[in-house]
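All residue numbers in this chain count up from 1 along the given sequence.
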Amino acid sequence: LPAEKNEATMARLTIASAAAALLVLLAAASTEASPAWSDYAGAFDKSLQFFEAQRSGKLPADRTVHWRGDSALTDGFSQGVDLVGGYYDAGDHVKFGFPMAYAVTMLSWGVLEFEKEMVAANSLNRALDAIRWGTDYFIKAHNEPNTLWVQVGDGDSDHLCWERAEDMSTPRTASKIDASRPGSEVAAETAAALAASAKVFRHYDSTYANQLLMHAKEIFIFADTFRGRYDDSLQCAKKFYPSASGYQDELLWGAAWLYEATGDENYLDYVARNAEGFGGTGWAVREFSWDNKYAGVQVLLSKVLLAGGGDGDYADTLKQFRAKAEFFMCACIQKNGGNNVKTTPGGLLYVADWNNMQYVSSSVFLLTVYADYLAESGDKLKCPDGEVAPAEIVAFARSQVDYVLGKNPLSMSYMVGHGDKFPTHVHHRGASIPSVYAVIDTVGCMEGFDAYYNSKGADPNVLVGALVGGPDGHDGFVDDRCNYQRAEPTLAAAAPMCGVFARLAAEPAAAGNSRGYQPPQESLHIGGTPLEFVHTVTNTWKTNGVDYYRHVVTGKHACGHPITYLKLRIEGLTGHIYGVSATQEKEMYGFPSWVTRLDVDDKLTIVYIQEGPAAKITVAEYKTG
């Protein structure tokens with residue numbers, strides 16, 4: 001009997017050990033089932049880091065890219081204008097206004113479409129910071145009527161040097177457009193960026209949004225009144241960012257964004273009157289980029305139609321825009337009767353040999369937002385090869401994103417710093433030269449070429465989040481710093497993907513929503529737009545030579561659910577404030593003692609009195625119930 005008991009005990013131990021081993025194997029399999037190319041949340045986080053790495057000017061202390069330092073702190077000074085700030089375009093240190101403005105427009109569009117998803121990823125505030133870094137610069141660049149500074153630095157001299165931004169020795173000549181040297185493309189694109197960002201900031205900082213919108217309207221009038229190609233006016237731009245499509249697409253684009261931001265039908269009327277003459281309803285295109293905006297205009301105006309705005313005087317025109325938008329969609333998803341966008345053998349959209357990734361990024365964005373527009377209206381895409389449901393469009397867009405992040409014949413992530421295998425010899429000066437904090441001595445213009453550009457060593461600074469130019473038409477890629485056509489990252493490639501990453505990251509989180517995401521009712525939200533702030537100055541007076549202002553800020557309910565908890569961040573407050581209660585955290589305020597919740601029809605009124613500029617009020621956290 002003791003022997004039998006011992007055998008039974010041993011049997012139980014053996015079964016238990018086998019079960020434990022099975023659990024370990026299942027856990028390992030679960031881990032392996034989440035490859036890097038499906039980590040969309042990580043890709044979203046990294047893409048915002050890339051924009052930090054591209055910043056020019058005085059960098060904030062709380063930056064996450066610690067190998068970068070301050071640079072170009074006197075841009076524009078020699079010409080009597082402050083042009084400090086903005087973004088470096090790519091692997092060089094020129095600030096090209098045209099693609100920079102496009103990047104800010106696309107970042108803003110991403111926030112407008114995928115704001116909740118960005119809140120869920122806890123990165124909305126960083127996305128807003130990325131937009132504001134660009135818009136602050138555009139406001140500086142529009143320093144007088146009918147004038148816009150559109151470039152800082154000279155591409156030819158800049159490309160003759162391989163040096164860090166912090167060591168720049170090349171000329172920082174600034175170039176502008178004005179009434180005698182027009183540039184409708186870059187002016188209208190800048191107007192679009194400012195209009196789109198004004199809508200983004202409307203809920204967070206109404207004073208700033210009004211400022212952005214004022215500049216957007218003025219710059220659009222300038223672009224339309226003094227028509228002309230900017231690369232005819234500025235030879236310095238022609239070699240690097242020539243305008244192949246002309247300026248008419250940008251005029252439509254700028255007007256469409258002003259309509260989106262304001263609801264003013266004068267802008268919609270402008271688009272309708274010029275739709276045929278400017279090519280908006282005539283051009284059927286298979287690319288969308290910093291240069292060619294036709295597909296973007298067509299999708300943006302299709303949104304108006306699909307949202308129920310197509311019953312009035314503009315219905316026929318909007319339907320024509322939609323028809324051209326659907327040509328683009330069908331061409332991308334390979335259902336356009338043979339008139340499709342080319343793809344590599346591995347399935348990646350392939351538009352151009354030089355920096356193809358920018359076209360992949362922009363196409364994926366339009367596919368994703370259009371699929372959501374269709375889903376929300378209960379409609380389908382109608383292609384020559386059959387109808388396509390919104391979910392199928394998103395699935396195709398996801399396949400492109402997966403390819404970019406590593407699900408491809410080379411198992412190579414084309415986002416730097418993402419996954420186990422990614423480019424380590426990026427065509428980027430700052431990434432390839434040790435940081436100013438690692439090598440304090442100046443790295444000279446030609447020294448950089450000799451010691452770092454031609455080096456076979458990996459980049460000492462990982463340019464996290466950068467999307468390089470990508471593979472060739474046969475899915476091949478050479479990780480070589482000299483391979484600028486395929487190894488250089490750009491703002492234009494990175495910007496559209498930010499919103500898509502956020503959208504895809506949120507999709508598996510919940511079901512029952514056409515976008516695959518539904519925020520939990522009782523969870524804590526970081527940032528977001530539960531309140532729309534409207535700021536007014538109701539009184540002003542002078543005391544002892546100092547001007548004082550009475551500010552009234554009304555928080556109008558905007559989230560559709562009762563707000564049970566609220567934390568506001570109020571920056572720049574120097575006077576007394578009423579209507580909120582201070583917390584123990586610096587600059588943080590909550591409900592006043594007499595308010596425990598805000599129902600859907602309620603408003604929160606905040607009053608403060610101070611000298612100088614207005615305080616900035618934003619939502620830090622909130623709960624709905």
Side-chain angles (χ1 to χ4, degrees), residues 56 72 74-104 134 137-138 140-163 165 168-193 219-220 222-251 253-254 289-293 352-355 358 427 429 445 484-485 488 490-492:
S56 177
T74 60
D75 274 1
F77 285 15
S78 64
Q79 291 162 274
V81 60
D82 178 4
L83 296 175
V84 177
Y87 288 104
Y88 298 124
D89 177 60
D92 52 18
H93 299 132
V94 182
K95 295 192 292 198
F96 290 106
F98 195 11
M100 190 197 306
Y102 164 78
V104 171
Y137 173 78
F138 296 143
K140 290 181 177 183
H142 182 227
N143 65 324
E144 57 182 306
N146 297 330
T147 298
L148 184 67
W149 295 87
V150 298
Q151 184 170 320
V152 180
D154 173 69
D156 286 324
S157 60
D158 184 275
H159 289 185
L160 292 175
C161 285
W162 195 263
E163 56 190 354
M168 261 192 293
S169 60
T170 52
R172 301 297 292 168
T173 306
S175 303
K176 67 179 179 180
I177 55 172
D178 53 29
S180 62
R181 291 167 296 181
S184 296
E185 300 96 333
V186 63
E189 179 61 72
T190 305
I219 294 173
F220 181 76
F222 165 50
D224 189 43
T225 304
F226 302 98
R227 295 182 185 178
R229 292 172 60 108
Y230 96 113
D231 54 359
D232 285 341
S233 297
L234 300 177
Q235 291 301 308
C236 60
K238 186 182 288 290
K239 183 176 179 180
F240 301 96
Y241 283 98
S243 176
S245 66
Y247 58 76
Q248 293 176 326
D249 53 330
E250 274 81 25
L251 288 175
W253 178 243
S289 68
W290 57 265
D291 176 31
N292 191 323
K293 306 301 186 323
D353 289 332
W354 194 315
N355 203 299
Q358 64 178 312
H427 185 86
R429 287 156 175 78
C445 172
Y484 50 83
Q485 287 190 333
E488 185 172 20
T490 62
L491 298 176

query = Lys95 versus Tyr87: any side-chain heavy-atom pair under 4.5 Å?
reply = no
remark   = Of all heavy-atom pairs linking Pro182 and Ser233, the shortest is O-OG, 2.6 Å
query = Is there a donor-acceptor contact under 3.5 Å linking the side chains of Thr490 and Gln358?
reply = no
request  = Report yes if the side chains of Lys293 and Tyr102 come closer than 4.5 Å at any heavy-atom pair, otherwise no.
outcome  = yes
ask   = Would you call the rings of Phe240 and Phe96 parallel, tilted or perpendicular, where under 30° means parallel and over 60° means perpendicular?
value = tilted
note = To the nearest 0.5 Å, atom NE2 of His93 lies from atom OG of Ser157 at 12.5 Å
query = Under 4.0 Å between a Lys/Arg side-chain N and an Asp/Glu carboxylate O for Asp231 and Lys239?
reply = no
task = Would you give the length of the straight line joining atom OH of Tyr247 to atom CG of Asp232, rounded to the nearest 0.5 angstrom?
result = 10.0 Å
ask   = Do Lys140 and Trp149 come close enough that some side-chain heavy atom pair is under 4.5 Å?
value = no
query = Only one of Tyr241, Phe98, Phe222 clears ring-ring contact (aromatic ring centres under 6.0 Å, His included) with Tyr230; which?
reply = Phe98
inquiry  = Restricting to non-hydrogen atoms, name the atom on Tyr137 and the atom on Val84 that form the minimum distance, rounded to 0.1 Å.
reply    = CD1-O, 4.2 Å
key: Heavy-atom pair with the smallest gap, counting every atom of Glu250 and Ala188   = O-CB, 3.3 Å
message = Determine whether a donor-acceptor pair (N or O, by modelled atom type, separation under 3.5 Å) exists between the side chain of Thr173 and the backbone of Gly153.
response = no
key: Heavy-atom closest contact (Pro99 atom, Asp89 atom, distance)   = CG-OD1, 3.5 Å
request  = Starting at CD of Gln151, measure out to CE of Met100 and round the result to the nearest 0.5 Å.
outcome  = 9.5 Å
inquiry  = Take a 6.0 Å sphere around CZ of Phe226 and say whether it holds more than 12 heavy atoms from other residues, nucleotides or ligands.
reply    = yes
message = Measuring only between side-chain heavy atoms, which start at C-beta, is Leu251 closer than 4.5 Å to Phe220?
response = yes
Results of salt bridge (Lys or Arg N to Asp or Glu O under 4.0 Å) for Asp178 - residues two or more places apart only = Arg181
message = Any side-chain to backbone donor/acceptor pair from Glu185 onto Ser243? Under 3.5 Å, distance only.
response = no
request  = Please check if the side chain of Ser245 supplies one atom and the backbone of Asp291 the other of a donor-acceptor pair under 3.5 Å.
outcome  = yes
note = Only one of Asp158, Thr170, Asp156 passes side-chain contact (heavy atoms from CB on, under 4.5 Å) with Val94, and that residue is Asp158
ask   = If you look at every heavy atom in Ala223 and Ser184, which pair is closest and at what distance?
value = O-OG, 2.8 Å
note = Closest non-hydrogen atoms of Asp249 and Gly246, given as atom of the first, atom of the second and distance, are OD1-O, 3.0 Å
request  = Examine distances only and state if a side-chain atom of Asp154 and a backbone atom of Pro171 form a donor-acceptor pair shorter than 3.5 Å.
outcome  = no
message = When you compare the side chain of Arg172 with that of Thr74, does any pair of heavy atoms fall below 4.5 Å?
response = no
inquiry  = Would you say that Arg429 contacts Glu163 through its side chain, given a criterion of any heavy-atom pair below 4.5 Å between the two side chains?
reply    = no
key: Non-hydrogen side-chain atoms of Gln485 and His427 separated by less than 4.5 Å   = no
